[in-house]
Protein chains: 2
Amino acid sequence: MSRRSGVLEFAVLGLLREAPMHGYELRKRLNTSLGVFRAFSYGSLYPCLKALVQQGWLAEESGRASDDPRATPLTNRRAKIVYRLTAEGKERFEELLAQTGPDAWEDEHFGVRFAFFGQTSRDVRMRVLEGRRSRLEERLAKMRASMARTREKLDAYTLELQRHGMESVEREVRWLNELIESEREGQGQREQRGPSGAHERAGPDPSDDSTN
Amino acid sequence: MSRRSGVLEFAVLGLLREAPMHGYELRKRLNTSLGVFRAFSYGSLYPCLKALVQQGWLAEESGRASDDPRATPLTNRRAKIVYRLTAEGKERFEELLAQTGPDAWEDEHFGVRFAFFGQTSRDVRMRVLEGRRSRLEERLAKMRASMARTREKLDAYTLELQRHGMESVEREVRWLNELIESEREGQGQREQRGPSGAHERAGPDPSDDSTN
DNA sequence: TTGCGATGTATCGAGCTGATACATCGACTC
DNA sequence: GAGTCGATGTATCAGCTCGATACATCGCAA
């Protein structure tokens with residue numbers, strides 16, 4: 001339950017806060033909603049769920065189809081194990097939400113933190129966004145220094161790769177700037193639940209309205 | 001030596017092709033030159049080096065500072081172990097370079113492959129670039145479908161995260177398009193060693209000319 | 001009724017990371 | 001010249017993650 005699985009813990013608690021769920025669905029949500037940046041496997045998820053139950057933050061609501069007390073998840077006809085957030089788990093999540101330490105803006109954590117921004121205060125959001133931005137600016141500085149140092153020695157393709165990498169980071173900084181600006185504008189007004197139209201762009205192609 | 005370490009193997013062979021090096025320097029190069037996308041730790045590198053020596057692709061040129069035959073890396077005053085590519089290793093690298101299978105355009109491999117584009121033929125470059133592009137377009141299609149399916153159910157921040165993620169992928173596709181176009185333009189002309197000015201942008205801030 | 005893909009829980013080997021240990025070197029300070 | 005500090009350099013390990021896989025049921029369609 002260290003660095004990486006801390007993210008998983010956070011995401012699981014956050015998702016279960018909205019509604020009880022079983023492992024399979026939890027994993028699907030993780031890898032679609034939040035999963036553009038992160039992917040988790042069953043090999044991580046199931047042990048994590050067990051650990052969270054152990055901690056008392058989750059409770060199992062075994063949806064047994066059979067009354068047979070001998071039934072186990074393997075022998076039982078259909079053994080969904082539904083997980084529900086306990087009061088302690090809710091507290092734990094609030095606690096994690098309020099944390100704005102450096103962990104919150106590292107690559108591994110930031111995406112998931114952002115996905116749950118709607119459940120926290122603007123103070124916290126601002127701190128995380130600004131922390132992330134300064135983290136990326138540090139990285140940019142290093143990349144620039146490194147490129148200045150090595151630019152002559154490098155292959156054209158290697159250079160192009162570095163250029164593209166740097167542009168990606170620069171782009172993310174611009175994105176953060178817009179978000180921060182958007183949070184600032186919201187100040188004093190009603191407590192709003194999202195970035196205020198920093199991007200008013202068109203949605204995905206409406207011809208693709210598959211409900212599949 | 002499977003999926004992931006295959007990347008490390010490739011990168012090590014490629015770097016040593018230019019010049020013999022010892023582990024420490026190898027790792028520095030890995031995490032600056034190619035390292036915008038990937039990072040490798042000693043825990044991966046040293047075992048990999050040993051395995052490559054085992055395979056006969058690398059040879060150790062122990063730069064012993066002492067003549068004492070009892071000297072080991074630990075007791076010796078300064079035990080650099082310089083690795084050199086053998087003829088077999090060179091062959092192996094050519095073989096890997098020529099591979100254009102699906103592996104070559106997955107997230108883990110593509111960056112490193114690209115960094116060594118200068119050492120391969122345009123045919124191979126085209127296949128890898130186009131493979132990568134279609135891979136990303138698949139992903140885009142899935143993301144669009146997923147967004148169309150869930151857009152109403154989602155929090156504004158989650159949506160914004162997905163939007164940003166999708167834009168990142170779209171941006172990479174545009175980059176690939178430019179590169180492919182650039183390779184096509186080079187067709188028939190001299191075998192050129194890099195992307196032909198798809199990006200003529202200014203370099204990093206020239207005020208930062210630290211030689212450090 | 002047979003086959004297939006989605007749903008669902010669970011485990012394992014292989015591999016990677018961050019931390020750490022140990023040791024030397026050059027440069028700097030006091 | 002003694003002490004400190006950061007860079008250089010090799011090496012290992014606990015802990016964690018992933019991809020693959022096993023097993024079982026369900027719904028559906030040919």
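Computed from a prediction, not measured in an experiment: that's the story for all the values here. Both backbone and side-chain heavy atoms feed into the values below; hydrogens, waters and symmetry mates do not. Within every chain, numbering begins at 1; the chains are lettered A, B, ... in the order of the sequence lines, protein sequences first and strands thereafter.
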Exercise. Is a side-chain donor-acceptor pair under 3.5 Å present for B:Glu170 with B:Trp175?
Worked result: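 Checked: B:Trp175/B:Glu170 side chains show no N/O donor-acceptor pair below 3.5 Å.
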Exercise. Given that A:Tyr42 and B:Gly23 both sit by DNA chain D, which one's nearest nucleotide is further toward the 5' end?
Worked result: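 Counting from the 5' end, the first nearest nucleotide belongs to B:Gly23.
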Within the pair [X] and [N], is there a side-chain N or O less than 4.0 Å away from OP1 or OP2?
X       : N      : value
A:Tyr46 : C:dA10 : no
B:Lys80 : C:dC25 : no
B:Ser44 : C:dT17 : yes
A:Tyr24 : C:dT9  : no
A:Lys28 : C:dT7  : yes
A:Ser41 : D:dG19 : no

Write down the distance between [atom1] ([X]) and [atom2] ([N]), rounded to a whole number of angstrom.
X        : N      : atom1 : atom2 : answer
B:His22  : D:dT8  : NE2   : P     : 10 Å
A:Glu106 : C:dG18 : CD    : C1'   : 13 Å
B:Glu60  : D:dT10 : CD    : C1'   : 11 Å
B:Arg29  : D:dG9  : CZ    : P     : 13 Å
A:Glu108 : C:dG18 : CD    : C1'   : 11 Å
A:Asp107 : C:dT17 : CG    : C1'   : 14 Å
A:Leu45  : D:dG19 : CG    : C1'   : 15 Å
B:Phe40  : C:dG18 : CZ    : C1'   : 16 Å

Exercise. Looking across every strand, which nucleic acid part, if any, lies under 4.0 Å from B:Gly43 by heavy atom: base, sugar-phosphate, or nothing?
Worked result: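 Touches a base.
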For this session: Decide whether a cation-pi geometry holds between B:Arg27 and B:Phe40; the criteria are a distance under 6.0 Å from NZ or CZ to the six-membered ring centre and an angle within 45° of the ring axis.
Result: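 Checked: cation-pi criterion not met.
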Problem set entry | Side-chain ion pair, A:Arg132 and A:Glu172, N-O less than 4.0 Å |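 Looking at A:Arg132 and A:Glu172, the cut-off is met.
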Exercise. Should B:Lys28 and B:Glu25 count as an ion pair when the cut-off is N to O under 4.0 Å?
Worked result: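 Salt bridge absent between B:Lys28 and B:Glu25.
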For this session: Would you mind telling me which of A:Arg127, A:Arg113, A:Arg125 makes a side-chain hydrogen bond (donor to acceptor under 3.5 Å, both in side chains) with A:Thr100?
Result: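 The passing option is A:Arg127.
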